[in-house]
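What follows is a short report on a single structure.
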Amino acid sequence: MVPCPHCGAAVAIDAEVCRACGYDWDQYVDHPDSDAEDDFDYDEFIASEFSDSPVSTTLRPWQRAVVIALVVAFAATLLWPVLF
């Protein structure tokens with residue numbers, strides 16, 4: 001069910017007219033032109049989304065330091081009550 005663009009009543013998606021107000025859905029529904037050529041290039045999309053360009057998976061030195069500091073701080077919060 002979708003709302004009628006004219007009155008807001010719930011109308012079945014495959015209805016030709018609104019039962020509440022009689023609104024003609026052919027005026028509202030955008031019918032694609034069957035002769036229109038599709039501009040979407042699937043191969044270009046796949047090439048741009050899933051390219052073979054390498055992505056760096058190594059951490060920079062400052063990133064390693066932050067990760068180590070976070071792990072040590074987390075471990076300290078867990079071990080603090082046990083040690084002291």
Side-chain angles (χ1 to χ4, degrees):
M1 300 294 273
V2 294
C4 173
H6 186 258
C7 69
V11 180
I13 191 67
D14 57 346
E16 294 180 16
V17 295
C18 175
R19 295 175 101 185
C21 68
Y23 184 77
D24 186 11
W25 280 87
D26 284 336
Q27 295 174 0
Y28 178 67
V29 176
D30 183 25
H31 297 285
D33 188 7
S34 60
D35 296 334
E37 190 173 317
D38 189 12
D39 292 343
F40 183 75
D41 186 3
Y42 184 76
D43 293 328
E44 181 182 332
F45 171 74
I46 293 298
S48 68
E49 289 294 316
F50 305 104
S51 66
D52 294 331
S53 66
V55 177
S56 177
T57 57
T58 60
L59 294 176
R60 295 184 177 117
W62 68 269
Q63 292 171 325
R64 285 189 196 139
V66 169
V67 169
I68 291 170
L70 289 173
V71 169
V72 169
F74 181 70
T77 58
L78 292 177
L79 296 175
W80 190 265
V82 175
L83 297 175
F84 299 103

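Quick note: residue numbers are just sequence positions, from 1.
- Between Glu16 and Asp24, the closest heavy-atom pair is O-OD1, 3.6 Å.
- Within a 6.0 Å sphere centred on CD of Gln63, other residues, nucleotides and ligands contribute more than 12 heavy atoms.
- When all heavy atoms of Ala20 and Cys7 are compared, the pair lying nearest together is CB-SG, 3.9 Å.
- When the side chains of ILVMFWY residues are joined at heavy-atom separations under 4.5 Å, either directly or via intervening members, Met1 and Tyr23 end up in two distinct hydrophobic clusters.
- Below 30°, between 30° and 60°, or above 60°: for Phe40 and Phe45 the angle between ring planes is between 30° and 60°, a tilted geometry.
- Nearest heavy atom pair, residue Val11 against residue Cys4, reads CG2-CB, 3.9 Å.
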